[in-house]
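Structure first, then comments.
The first residue of the sequence shown is numbered 1, and numbering continues consecutively from there. Since we're looking at a predicted model, the values are computed, not measured.
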Amino acid sequence: MTELRQRVAREPEAPPEDKESESEAKADGETASDSESRVEAVTQPPSADDTPEVLNRALSNLSSRWKNWWVRGILTLAMIAFFFIIIYLGPMVLMMIVMCVQIKCFHEIITIGYNVYHSYDLPWFRTLSWYFLLCVNYFFYGETVTDYFFTLVQREEPLRILSKYHRFISFTLYLTGFCMFVLSLVKKHYRLQFYMFGWTHVTLLIVVTQSHLVIHNLFEGMIWFIVPISCVICNDIMAYMFGFFFGRTPLIKLSPKKTWEGFIGGFFATVVFGLLLSYVMSGYRCFVCPVEYNNDTNSFTVDCEPSGLFRLQEYNIPGVIQSIIGWKTVRMYPFQIHSIALSTFASLIGPFGGFFASGFKRAFKIKDFANTIPGHGGIMDRFDCQYLMATFVNVYIASFIRGPNPSKLVQQFLTLRPDQQLHIFNTLKSHLTDKGMLTAATEDK
């Protein structure tokens, strides 16, 4: 007993501020060991060289700078070839690829959260993260099915019931996950569990919502899917090329390798590329027509009469430019004018999605989100700008392109009660009669 008192007397008393901070941490349900684990978790081990052995042997005589250039170039060409293949396979395959990319991006970001916060021992959390992903996808894809496959949904009784109560079912599923999270709270991990709860929901907002918008853009016509994605890819490639060969002036501290020369060169190259690609694609109905579901064949169709956006028109060239090129008029598709807005956003604003991702990775001291693609990192490393672009395209279409959709109005009309349909019919008949359109049609008959 005497020895114990002597040992206690020799141990220095903790400073008051340490005691206060420790008591605050305990009050929040987090122990000192939890705080230490979070600090230690920030330093991630460097990623191993994931370059294929074949390329390593073939490029062994090159410097690391040129070796990286060749690895990125070869795998970029491979990804572009894969992109062409999935476009050829049609819209259904494209939607499945978008879904797979979304799941992989979610997995990469959530895994970083697990690693950083040492949350492997948190009860139910890995299961809840994927459960919330399932709930959000059920909500968004259910809305899409109801919107674009209305006739099919109304034809099948189970689908019709699910469609009618879709939002209530979605809310119930989410509420179940919310209650499971509350029940899983552990006293010593309160703060950590709420960190990860917020992490999961921000990831869902960034990844799932944006991928849902990508699919909506696809239904407007494959050109609204292919051109924006291609512009981002072109800007990424050309900015890298200009920066690699001519880069001297640093652009932003978050990405030290980014240069003003690459940023400006990528902008001009992307605008030209967008004009050329839009000109080529605007001449094909399979690219410009909205993707619709054919109930007779139970398949997707992309056949229509192209709208005015995709018909060649003659435009007068401003006098200043006439004196330079010698042309007075130019024939082009109206969509090419819109492509300038898309390519400008892809090259000037789109990179900020990449800068955001760079800041995120620097905050947790990691080089890439994953090692999925040698020389490029994870899937999220390739799609950090694409998600921002998808939101812009969706907003752009809703603001400047899309008008009232007669087919959707008819679909909603058919779901009304007979007395409501008759009321709308009489109102429309009266309106057309007042305008003289209905009388003229009757006289023609």
Side-chain angles (χ1 to χ4, degrees), residues 72 74-111 130 133-134 136-145 147-149 203-237 277 281 284 286-293 298-302 342 346 350 353-354 357 368-394 397:
R72 287 176 66 94
I74 292 170
L75 291 171
T76 296
L77 292 175
M79 286 188 288
I80 292 174
F82 178 71
F83 184 56
F84 282 131
I85 292 172
I86 61 175
I87 289 173
Y88 175 77
L89 293 175
M92 195 65 187
V93 176
L94 281 173
M95 284 187 280
M96 292 176 64
I97 293 295
V98 170
M99 184 72 172
C100 293
V101 168
Q102 174 215 118
I103 293 173
K104 187 65 175 71
C105 290
F106 180 83
H107 172 258
E108 290 177 359
I109 299 177
I110 288 297
T111 299
W130 289 100
L133 176 67
L134 177 65
V136 175
N137 271 305
Y138 175 80
F139 171 73
F140 280 123
Y141 281 93
E143 293 282 312
T144 301
V145 168
D147 200 18
Y148 290 99
F149 304 93
T203 305
L204 291 172
L205 177 66
I206 293 174
V207 175
V208 182
T209 306
Q210 313 304 321
S211 63
H212 175 68
L213 297 180
V214 170
I215 292 177
H216 268 256
N217 299 340
L218 175 61
F219 275 107
E220 294 294 332
M222 290 184 67
I223 196 169
W224 291 104
F225 174 84
I226 296 172
V227 170
I229 287 180
S230 300
C231 284
V232 172
I233 294 172
C234 174
N235 182 71
D236 194 28
I237 294 172
L277 180 63
M281 295 186 67
Y284 294 91
C286 60
F287 293 131
V288 304
C289 291
V291 178
E292 296 178 346
Y293 185 78
N298 289 326
S299 63
F300 289 101
T301 59
V302 285
L342 298 179
D368 298 310
F369 284 95
N371 298 322
T372 310
I373 310 171
H376 291 269
I379 298 296
M380 192 64 199
D381 290 287
R382 293 298 89 211
F383 282 85
D384 47 11
C385 302
Q386 296 287 2
Y387 285 129
L388 194 61
M389 187 71 191
T391 306
F392 172 74
V393 173
N394 192 269
I397 292 173

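In this structure the side chain of M380 never reaches within 4.5 angstrom of the side chain of T372, judged on heavy atoms. Looking at heavy atoms from C-beta onward, I237 lies in side-chain contact with I80 at the 4.5 angstrom threshold. Within the 4.5 Å cutoff, side-chain heavy atoms of I87 are placed close to those of F287. In this structure the side chain of Y88 never reaches within 4.5 angstrom of the side chain of V93, judged on heavy atoms. Side chains of P228 and F392 form no contact here, defined as non-hydrogen atoms less than 4.5 Å apart. Taking the side chain as every heavy atom from C-beta outward, I97 and F83 never approach each other to under 4.5 Å. A 4.5 Å side-chain heavy-atom check between L94 and M222 finds at least one atom pair inside the cut-off.
C105 approaches I379 most closely through the heavy-atom pair SG-CG2, 3.7 Å. The nearest pair of heavy atoms linking A357 to D384 is CB-OD2, 3.7 Å. The heavy-atom pair separating C385 from G353 by the smallest distance is SG-C, 4.4 Å. Contact between I103 and W130 at its shortest, heavy atoms only, is CG2-CZ3, 3.8 Å. Nearest heavy atom pair, residue E108 against residue G378, reads OE2-CA, 3.5 Å.
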Audit row: L213, Q210, side-chain contact (heavy atoms from CB on, under 4.5 Å) steps and yes/no: CA-CA 5 Å; L213 297 180; Q210 313 304 321; 4.1 Å; yes
If you apply the rule side-chain contact (heavy atoms from CB on, under 4.5 Å), what do you find for V214 with L218, and how did you get there? CA-CA 6 Å; V214 170; L218 175 61; 5.8 Å; no
Steps toward side-chain contact (heavy atoms from CB on, under 4.5 Å) verdict (F219, M95): CA-CA 10 Å; F219 275 107; M95 284 187 280; 3.8 Å; yes
Go through V98 and F225 one step at a time and tell me if the side-chain contact (heavy atoms from CB on, under 4.5 Å) criterion holds. CA-CA 11 Å; V98 170; F225 174 84; 4.2 Å; yes
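At distances below 3.5 Å, not a single donor-acceptor pair connects side-chain atoms of Q102 with backbone N or O atoms of S211. Judged purely by atom type and a 3.5 angstrom limit, Q386 has no side-chain atom pairing as donor or acceptor with the backbone of V232. Of the possible polar contacts, one joining the N137 side chain to the L133 backbone as a donor-acceptor pair under 3.5 Å is found. With N217 contributing its side chain and W224 its backbone, the two residues share no donor-acceptor pair below 3.5 Å. Of the possible donor and acceptor atoms, none in the side chain of N235 sits under 3.5 Å from a partner among the backbone N and O of C231.
Here the straight-line distance linking atom CD1 of I86 with atom SG of C100 works out to 10.0 Å at 0.5 Å rounding. Atom CD1 of residue I223 and atom OH of residue Y284 lie 12.0 Å apart, to the nearest 0.5 angstrom. Note that the CG atom of N394 and the CD1 atom of I215 stand 11.5 Å from one another [nearest 0.5 Å]. D236 contributes atom CG, which lies 5.0 Å from atom CZ of R382 (distance to the nearest 0.5 angstrom). Residue I206 holds its CD1 atom at 10.5 Å from CG of L388, rounded to the nearest 0.5 Å. To the nearest 0.5 Å, atom CD1 of residue I109 and atom OG1 of residue T203 are 5.0 Å apart.
Annotation for M79: atom CE counts as buried by contact number, over 12 foreign heavy atoms lying within 6.0 Å.
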